[in-house]
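Working notes for the structure below.
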Amino acid sequence: MRYLVTGGAGFIGSNTVDELVRRGHSVTVLDDLSAGKEANLAGVRERITFIQGTITDREAIEKACRGADYVLHLAARTSVPRSVKQPLETNQINVDGTLNVLVAARDAGVRRVVFASSSSVYGDTPTLPKHEGMPPAPISPYGVSKLVGELYGGVFHRTYGLDFVALRYFNVFGPRQDPGSPYSGVLSLFITAMRDGGQPSVFGDGEQSRDFTFIQNVVIANLQACETPGIAGRVVNLGTGGRYTLNYTLRLLEEFAGRPAKPKYDAPREGDIRDSQADISLATQTFGYKPHVNFEEGLRRTWDWYCSQH
Ligand code: UD2
């Protein structure tokens, strides 16, 4: 099969591309390298087609979609706090860019678009775990942008018959997540701070919790969501079903590092959600999803990977 992966040089994208190539698929990557890195594709570079371009460029996305069976649309401007600072840019890439992808995918006659949505669409409602029947209530521009992507996909399904599936990822972490910006995922920041003898910064009391999901679970689910027939129009959570506080992750990292973390506690972050946890029964029902790597094991592997990169 022929896959187009937008954002394929990024963290989730490049890990997914590796698996697609391993399974013998033909892969095109469209990435503007704003967050992704060519180095993430080093192991497969000779076996894929790489287009440096952005989803906000209609010509680039049209060209990339040509001949594709499946589009995994992972390109996005991530980060809740960045979206609070730069709502226009977040909207331009995540909303306008996604609309471009949908139009191009429709016109190219692809078999399905799988869209990377986010747990942030649920907002800060107290009900846990979050299930897909709950009304979305995002509290950040980022959450809004992901919800709009889902809504557009649903409309393209109903109006133009485009096969579309949205996966609501819950705080994905693992090898290749870039720790290089203040907007990076918290575990990449905690791990590299601990590795380098620095102090992890905790925004708030550290008792907020997330359903941290190891990348390998997401990679397998991405493929299942593409290949499973008859699931067009579904919007599905993708997490582990558990919930882990930041303080708990620091205790595990202390064990791995063999020294105390000495975290610095700061004010809570704007737009932040307190607790997040996925109900994953719909993913199991829809495409047989099972998280194969649990949080603790995933964190251990991630710690080892960052240490090996030093
Ligand atoms: C949101 C989404 C997630 C994904 C991600 C993409 C939720 C629940 N999750 O992640 O699914 O779409 O956006 O960017 O909406 N923190 C610290 N210290 C740091 C950095 C972060 O304490 O140095 C805290 C932060 O305040 C938050 C938690 O760690 O409470 C997780 O932050 P994050 O930026 O890793 O991810 P989050 O939950 O905004």
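One-based numbering along the sequence shown. Counting convention: from 1, in listed order, for ligands and their atoms alike.
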(request) Supply the atom-to-atom distance R176 CZ to W305 CH2, rounded to the nearest 0.5 angstrom. (result) 7.5 Å

(message) Would you call the rings of F295 and F173 parallel, tilted or perpendicular, taking 30° and 60° as the class edges?
(response) perpendicular

(request) Taking atom types as modelled, find out whether T245 and N247 have a side-chain donor-acceptor pair closer than 3.5 angstrom. (result) no

(message) Taking the ring centre of each residue, are F156 and F164 less than 6.0 Å apart?
(response) no

(message) Give me the nearest non-hydrogen protein atom to atom 27 (C) of ligand 1 as residue plus atom name, then the distance to 0.1 Å.
(response) D272 OD2, 3.3 Å

(message) Any donor-acceptor pair under 3.5 Å linking the side-chain atoms of S209 with those of D275?
(response) yes

(request) Using a strict cut-off of 4.0 Å, indicate which atoms of ligand 1 neighbour a heavy atom of L189. (result) 20 (C), 23 (O)

(message) Listing request: all salt bridge (Lys or Arg N to Asp or Glu O under 4.0 Å) pairs with a residue in residues 97-113, at least two apart in sequence or in separate chains.
(response) D69-R111, R112-D163

(request) Ignoring hydrogens, just give me the one of F203, F173, Y142 whose non-hydrogen atom is nearest atom 17 (C) of ligand 1. (result) F203

(message) Among all the protein's non-hydrogen atoms, which is closest to atom 1 (C) of ligand 1, and how far away is it?
(response) V80 CG2, 3.9 Å

(message) Within the 4.0 Å heavy-atom shell around V202, which atoms of ligand 1 are there?
(response) 22 (O)

(request) Could you list the atoms of ligand 1 found under 4.0 angstrom from a heavy atom of I273? (result) 15 (O)

(request) For ligand 1, note which part of S276 has a heavy atom under 4.0 Å away: side chain, backbone, both or neither. (result) side chain

(request) Mind checking whether R210 contacts ligand 1 via backbone (N, CA, C, O), side chain (CB onward), both or neither, at a 4.0 Å heavy-atom cut-off? (result) side chain

(message) Enumerate the side-chain hydrogen bond (donor to acceptor under 3.5 Å, both in side chains) contacts for residues 4-13, please, sequence neighbours excluded, ordered by first and then second residue.
(response) T6-H73

(message) Quick check: S184 and ligand 1, any N/O pair under 3.5 Å apart?
(response) no

(request) To the nearest 0.5 Å, tell me how far D31 CG sits from S14 OG. (result) 9.0 Å

(request) For the pair R23 and E19, find out whether any cationic side-chain nitrogen is under 4.0 Å from an anionic carboxylate oxygen. (result) yes

(request) Starting from atom 7 (C) of ligand 1, find the nearest protein heavy-atom neighbour and note its residue, name and distance. (result) S119 OG, 3.3 Å

(request) State the atoms of ligand 1, each with its element, that fall below the 4.0 Å cut-off from a heavy-atom position in G185. (result) 35 (O)

(message) Heavy atoms only, cut-off 4.0 Å: how does N171 contact ligand 1, side chain, backbone, both, or neither?
(response) both

(request) Measure up the F170 and Y122 rings against each other and bin them: parallel (under 30°), tilted (30 to 60°), perpendicular (over 60°). (result) tilted

(request) Tell me which part of L246 gets within contact of ligand 1: side chain, backbone, both or neither, using heavy atoms under 4.0 Å. (result) side chain

(message) For the 3.5 Å polar cut-off, considering only N or O atoms, please tell me whether Y183 and ligand 1 meet it.
(response) no

(request) Return yes if a side-chain donor-acceptor contact under 3.5 Å exists between S276 and D211, otherwise no. (result) no

(request) Please write down residue, atom name and distance for the protein heavy atom closest to atom 14 (O) of ligand 1. (result) S79 N, 2.9 Å

(request) Return yes if a side-chain donor-acceptor contact under 3.5 Å exists between T127 and T125, otherwise no. (result) no

(request) Could you tell me the residue and atom name of the protein heavy atom closest to atom 18 (N) of ligand 1, and the distance to it rounded to 0.1 Å? (result) S201 O, 2.7 Å

(message) So, regarding S118 and ligand 1 (criterion: nitrogen or oxygen to nitrogen or oxygen, under 3.5 Å), is there a contact or not?
(response) yes

(message) For atom 34 (O) of ligand 1, what is the closest protein heavy atom, and at what distance to 0.1 Å?
(response) R269 NH1, 3.0 Å

(request) Give yes if a backbone or side-chain nitrogen or oxygen of Y169 is under 3.5 Å from a nitrogen or oxygen of ligand 1, and no if not. (result) yes

(request) Ignoring hydrogens, just give me the one of D266, I139, V186 whose non-hydrogen atom is nearest atom 21 (C) of ligand 1. (result) V186

